[in-house]
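Down below is the structure, laid out as structure tokens.
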Amino acid sequence: MTPNVSYPRRWKRPPQLVTTRRWRLALPLLILAYLILAVGSLEIDVGRVIEGLERGARFVQGFLQPDFVSRWGDIRQGLIESLTMTLTATVVGVLVSVPIGIGAARNLSPRPVYLVCRSIVAVSRSLQEIIIAIFLVAMFGFGPFAGFLTLAFASIGFVAKLLADDIEEASASQLEAIRATGASGWQLIHYAVQPQVMPRLIGLSLYRLDINFRESSVIGIVGAGGIGATLNTAIDRYEYDSAGAILLIVIAIVMLTEYGSSYLRKFLQ
């Protein structure tokens, strides 16, 4: 005789994080209270908001009616500096990142080399580009040289970190097969690692090229040269039509780089 057992007729998903019903009810209230207190601490001034919206409307109007003629000489100079910084910093950053990325791979390098290279990657990734640019501008003065060093230093942490992760995820059987032939370390990298990570390295390099151009527009605000310095000058002079022209040029170049890199990656694969 089977016992009389009642089963639930509707399935209810069990809680994943908070299992206590009391806390599930209290947490949304606590989050809402925190948001209310956080918004209250912002000290929002309605007058400043209205004034800012008026300036924003003038900026949007200038963006819709860009002026490419009045400050074209400065725009061209800033654009050349940004493109030069972007290309040279990406090339130097990738070239330096390759040995550091190999040294930061746990499955290829001895532990002392691994720790040193991982430390270099960590230092490079821990500092934002704008902070590095401020420091280098203070050291070397205003101009594109500080911007070049900033972008190259940031590229090292980005490319070396992802390259090292890709090397660590490489096929272990292929590595062991090459090692079993008595290959040297360089032969192991050339025949086992390079075929697996080269497409990824090319994609990372192109992606970093895109990032460096966009970052060159930011670090120029602190004096590191490039189109960002021209944009900052135009905004300081309330020349919103020239600022709109600069932003349109930046958007066009980023889109061109994006489509070109996608086509190149597809072609190489």
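For the numbers below, each heavy atom of this structure counts, side chains included, while hydrogens, waters and symmetry mates do not. Because the structure is a prediction, the values reported are computed rather than measured.
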**Study point:** Salt bridge E168-R118, side-chain N to carboxylate O under 4.0 Å
**Key:** yes
**Study point:** Approximate separation, where rounding is to 0.5 Å, of I132 CD1 and T150 OG1
**Key:** 6.5 Å
Check your understanding: Can you name the residues that form a side chain to side chain donor-acceptor pair (under 3.5 Å) with R76, not counting sequence neighbours?
Key -> none
Check your understanding: CD1/I102 to CG/L163 distance, rounded to the nearest 0.5 angstrom?
Key -> 6.5 Å
**Study point:** Plane angle bin for F145 and F140 - parallel if under 30°, tilted between 30 and 60°, otherwise perpendicular
**Key:** perpendicular
Study note, to complete from the structure: Between V121 and A160, the two heavy atoms sitting closest are CG2-CB, 3.8 Å
Revision key, fill the gap. side-chain hydrogen bond (donor to acceptor under 3.5 Å, both in side chains) pairs touching residues 89-102, sequence neighbours excluded, are T90-N212
Practice item. Using a 4.5 Å cut-off on heavy atoms from C-beta on, say whether the side chain of L231 contacts that of L247. Key: yes
Point to revise | Sequence-distant partners of R200, salt bridge (charged side-chain N to carboxylate O under 4.0 Å, His left out), two or more places apart | key: D166
Point to revise | Of all pairs that satisfy salt bridge (Lys or Arg N to Asp or Glu O under 4.0 Å), the ones with a partner from residues 229-257, not counting sequence neighbours | key: R71-E239
Review point. So, for A146 and V137, which heavy atoms are closest and what is the spacing to 0.1 Å?
Key: CB-CG2, 3.9 Å
Check your understanding: Can you tell if the side chain of V92 reaches within under 4.5 Å of the side chain of I156, non-hydrogen atoms only?
Key -> no
Exercise for review: State, yes or no, whether a side-chain contact exists between V250 and I227 at a heavy-atom distance under 4.5 Å.
Suggested key: yes
Revision key, fill the gap. Here the salt bridge (Lys or Arg N to Asp or Glu O under 4.0 Å) pairs for residues 77-93, sequence neighbours left out, are none
Exercise for review: For the pair S216 (side chain) and F213 (backbone), establish whether a donor and an acceptor sit closer than 3.5 Å, ignoring hydrogens and angles.
Suggested key: yes
Exercise for review: Please collect all salt bridge (Lys or Arg N to Asp or Glu O under 4.0 Å) contacts where either partner lies in residues 123-142, sequence neighbours excluded, each pair once.
Suggested key: E129-R208
Check your understanding: When rounded to the nearest 0.5 angstrom, what is the spacing between CD in E215 and OG in S155?
Key -> 9.5 Å
**Study point:** For the student: nearest non-hydrogen atoms of A89 and A152, plus distance
**Key:** CB-N, 3.6 Å
Exercise for review: Each residue besides V113 in its hydrophobic cluster should be listed here, by chain and number; the cluster joins Ile, Leu, Val, Met, Phe, Trp and Tyr at side-chain heavy-atom distances under 4.5 Å.
Suggested key: none
Review point. Would you say L248 and F68 make side-chain contact, with heavy atoms under 4.5 Å?
Key: yes
Review point. Which residues satisfy the ring-ring contact (aromatic ring centres under 6.0 Å, His included) test with F148, sequence neighbours excluded?
Key: none
Review point. Minimum heavy-atom separation for G244 to P66, with atom names?
Key: C-CB, 4.1 Å
**Study point:** Residues in salt bridge (charged side-chain N to carboxylate O under 4.0 Å, His left out) contact with D210, at least two apart in sequence or another chain
**Key:** R214
Point to revise | Nearest atoms (heavy-atom pairs only) where A243 meets I235 | key: CB-CG1, 4.0 Å
Review point. Which pairs with one or both residues in residues 102-114 pass side-chain hydrogen bond (donor to acceptor under 3.5 Å, both in side chains), sequence neighbours excluded?
Key: R106-Y114
Review point. Taking all non-hydrogen atoms of both residues, which atom of V222 and which atom of I219 are closest, and how far apart?
Key: CG2-O, 3.0 Å
Point to revise | Inter- and intrachain pairs under salt bridge (Lys or Arg N to Asp or Glu O under 4.0 Å), touching residues 149-163, at least two apart | key: K161-D165
**Study point:** Beyond-backbone contact of V94 with L204, side-chain heavy atoms, under 4.5 angstrom
**Key:** no
Review point. Out of curiosity, I246 CD1 to N232 CG, how far, rounded to the nearest 0.5 Å?
Key: 10.0 Å
Check your understanding: Can you list the residues that meet the ring-ring contact (aromatic ring centres under 6.0 Å, His included) rule with F135, with sequence neighbours excluded?
Key -> none
Check your understanding: With a 4.5 Å heavy-atom cut-off, do F153 and V123 have their side chains touching?
Key -> yes
